[in-house]
Asks: 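If you scroll down you'll find the structure; I have some questions about it.
Values below: every heavy atom of this structure, side chains too, minus hydrogens, waters and symmetry copies.
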Amino acid sequence: LAPPKSEPRVNPIPLTPTQWPEGLHLACRQLRAHWPTPWPGLPHLLALCQQSLGLNTLSDPTTAALNQFAQSVAHNMEQLAAGLGPASEPAYHNRLHTADVLCVLTTMLHILKVPDADAAGKTWASALLAAAVAHDHQHPGGVNHSAQEVERASWQGVMPLAQQLPQAWREQIEAWILGTDVPTVAGNHQRVAGQSFALTADWAQVLLNEADIYISATAEFGPGLSDALAREWHRAGFAGHATVATPAGRAQFLRSVRFSSSPAQALGIAAQVQHQLQSLTPQD
């Protein structure tokens, strides 16, 4: 997975931006400049995220095991993609989407000052990055035909790599992955309504949900991702492909998104969503 020796290893994420929203957008632009080639690989990007949060130098065995599990999943995803070829990867639910989610989540964890957190806080951060990299493992494209169908398959695909994790963390990561199924998201936000932010399982689920759709909700990248989702759904034979990338379809998506956490508020995504809705909604 290392790039050829003639190519410099690219750094696709500014790890210490002066302004977090601008830095996040710059990171996503850089990812797209290197997609699909010269792609640095999810293991490299994940390592940058882990290093920037100070997760890779801890002696705690649980945190180390979570970091290793996440790296094993990232390597596995690159190997699967290399074996199948670029034409078989979904247009939306691909490695670029996973990279987006990692960048957003890492930015959110920086806003929460995880680099200055205690060992327990960093363990939570490692677990969240692990869930992020695994949440769409081997996503086939398209939509679920039954509740949590794709999410369960993603967990089953990575479960053999998680054998060194404590059982409690295996169960937690599985729950977070299952909680990325779209119909569960509103309930996830409802569970934390009125609560101050803390690194609990429920708030961590919300962070993952927010990171999962954040880039799609932006004005800069969202329309292109709607087009990608339309191509993916068309290939899967899902009728929603005809409308998802239209102005009405994009407005419907933007009305459905939820952002509850303090990091999401700090990034100003709600204002971006409202501004887009104003431009997409006919004015009387």
Side-chain angles (χ1 to χ4, degrees), residues 1-4 7 9-13 15 24 27-28 30-32 34-58 62-86 88-90 92-110 114 122-141 150-151 153-165 169-170 172-174 176-177 180 204 207-208 211-212 214-215:
L1 295 178
E7 291 183 12
R9 183 178 282 281
V10 296
N11 181 345
I13 176 173
L15 301 179
L24 176 56
C28 291
Q30 292 180 358
L31 285 172
R32 281 151 179 78
H34 293 107
W35 176 262
T37 58
W39 183 240
L42 287 176
H44 176 57
L45 176 64
L46 174 62
L48 290 173
C49 294
Q50 292 169 332
Q51 290 165 13
S52 76
L53 292 166
L55 307 179
N56 62 321
T57 58
L58 302 177
T62 298
T63 304
L66 287 162
N67 290 341
Q68 184 54 55
F69 164 67
Q71 280 292 339
S72 296
V73 173
H75 279 281
N76 183 254
M77 291 174 71
E78 293 292 345
Q79 290 165 355
L80 289 168
L84 294 173
S88 64
E89 203 163 358
Y92 178 94
H93 289 101
N94 51 33
R95 288 167 294 148
L96 178 60
H97 168 66
T98 300
D100 282 342
V101 176
L102 285 170
C103 286
V104 176
L105 190 56
T106 298
T107 300
M108 288 177 155
L109 292 170
H110 270 289
V114 162
K122 290 186 175 181
T123 299
W124 277 90
S126 289
L128 262 174
L129 288 181
V133 77
H135 83 285
D136 278 336
H137 181 267
Q138 282 191 284
H139 198 294
V150 171
E151 293 76 19
S154 291
W155 170 248
Q156 290 296 320
V158 303
M159 190 168 59
L161 303 174
Q163 297 309 306
Q164 300 306 311
L165 295 181
W169 280 114
R170 288 200 305 271
Q172 184 60 75
I173 290 171
E174 177 185 8
W176 284 335
I177 291 172
T180 62
L207 285 182
L208 181 59
D212 199 12
Y214 182 99
I215 298 301

Asks: Which heavy atom of P90 sits nearest a heavy atom of G141, and at what distance?
Replies: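 For P90 versus G141, the nearest heavy atoms are CG-N, 3.8 Å.
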Asks: Check salt bridge (charged side-chain N to carboxylate O under 4.0 Å, His left out) between D100 and all other residues, then give those that pass, not counting sequence neighbours.
Replies: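 D100 satisfies salt bridge (charged side-chain N to carboxylate O under 4.0 Å, His left out) with R32 only.
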Asks: Any chance you could measure Q164, atom CD, to L66, atom CG, to the nearest 0.5 Å?
Replies: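 That separation rounds to 12.0 Å.
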Asks: Would the distance check show the side chain of E89 and the main-chain N or O of R95 forming a donor-acceptor pair, the cut-off being under 3.5 Å?
Replies: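 Here the side-chain-to-backbone pair exists.
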Asks: Where the side chain of T180 meets the backbone of I177, is there a donor-acceptor pair that is under 3.5 Å apart?
Replies: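 It does hold such a pair.
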Asks: With rounding to the nearest 0.5 Å, note down the distance linking OG1 in T106 to CD in Q50.
Replies: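 Atom-to-atom, T106:OG1 and Q50:CD are 8.5 Å apart.
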Asks: Any sub-3.5 Å donor-acceptor pair from S126's side-chain atoms to T123's backbone N or O?
Replies: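 Checking the backbone N and O of T123 against the side chain of S126, no donor-acceptor pair under 3.5 Å is found.
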Asks: Measure the shortest side-chain to side-chain distance between L31 and L45 over non-hydrogen atoms and say whether it is less than 4.5 angstrom.
Replies: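 Yes, close enough: below the 4.5 Å cut-off.
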Asks: I'd like to check L129 versus L53 (side-chain heavy atoms, cut-off strictly below 4.5 Å). Are they in contact?
Replies: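 Yes, side chains in contact.
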Asks: How long is the straight-line distance from CH2 of W35 back to NE2 of H97, given to the nearest 0.5 Å?
Replies: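 Those atoms lie 11.5 Å apart.
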Asks: When you measure from the side chain of Q51 to the backbone N and O of N56, does any donor-acceptor pair fall under 3.5 Å?
Replies: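 A pair under 3.5 Å: no.
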Asks: Mark yes or no for whether N76, through its side chain, and Q79, through its backbone, hold a donor-acceptor pair below 3.5 Å.
Replies: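 No, the answer is negative, given that no donor and acceptor are paired below the 3.5 Å cut-off.
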Asks: Donor-acceptor pair, distance only, cut-off 3.5 Å: does the side chain of H75 make one with the backbone of S72?
Replies: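 Judged by distance alone, no pair lies under 3.5 Å.
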Asks: Quick one: CE on M77 to CG on L42, what's the gap to the nearest 0.5 Å?
Replies: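 With rounding to 0.5 Å, CE (M77) is 5.5 Å from CG (L42).
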Asks: Whether the side chain of Q138 engages the backbone of S154 through a donor-acceptor N/O pair (distance < 3.5 Å, no angle test) should be reported.
Replies: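 Not a single qualifying donor-acceptor pair exists.
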Asks: Kindly determine whether T107 and Y214 satisfy side-chain contact (heavy atoms from CB on, under 4.5 Å), including the steps that lead there.
Replies: CA-CA 11 Å; T107 300; Y214 182 99; over 6 Å; no
Asks: To the nearest 0.5 angstrom, please state how far the CG atom of L207 sits from the CG atom of L109.
Replies: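 Separation between the atoms: 6.5 Å.
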Asks: Measure across L128 and A204 and return the closest heavy-atom pair with its distance rounded to 0.1 Å.
Replies: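 Heavy-atom minimum between the residues: CD2-O, 3.5 Å.
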Asks: What's the shortest heavy-atom distance between L161 and F69, and which atoms?
Replies: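 It is O-CD1, 3.4 Å.
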Asks: Atom CG in L165, atom CD in Q172: separation rounded to 0.5 Å?
Replies: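 Atom-to-atom, L165:CG and Q172:CD are 12.0 Å apart.
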Asks: Please report the shortest heavy-atom distance between E78 and P43, naming the atom on each side.
Replies: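 So the two residues come closest at CG-CD, 3.6 Å.
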Asks: How far apart are the closest heavy atoms of Y92 and D212, and which atoms are they?
Replies: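 Distance-wise, the nearest heavy atoms are OH-O, 4.1 Å.
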Asks: So which heavy atom on V73 is nearest to which on A134, and how close?
Replies: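 Shortest heavy-atom separation between V73 and A134 comes out as CG1-CA, 3.9 Å.
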Asks: Just say parallel, tilted or perpendicular for the rings of H139 and H93, cut-offs at 30° and 60°.
Replies: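 Rings of H139 and H93: parallel, as their planes differ by under 30°.
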Asks: Pair C49, L105 - check side-chain contact (heavy atoms from CB on, under 4.5 Å), show working.
Replies: CA-CA 9 Å; C49 294; L105 190 56; over 6 Å; no
Asks: Would you confirm whether H137, through its side chain, and V133, through its main-chain N or O, come within 3.5 Å as a donor-acceptor pair?
Replies: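 It does not hold such a pair.
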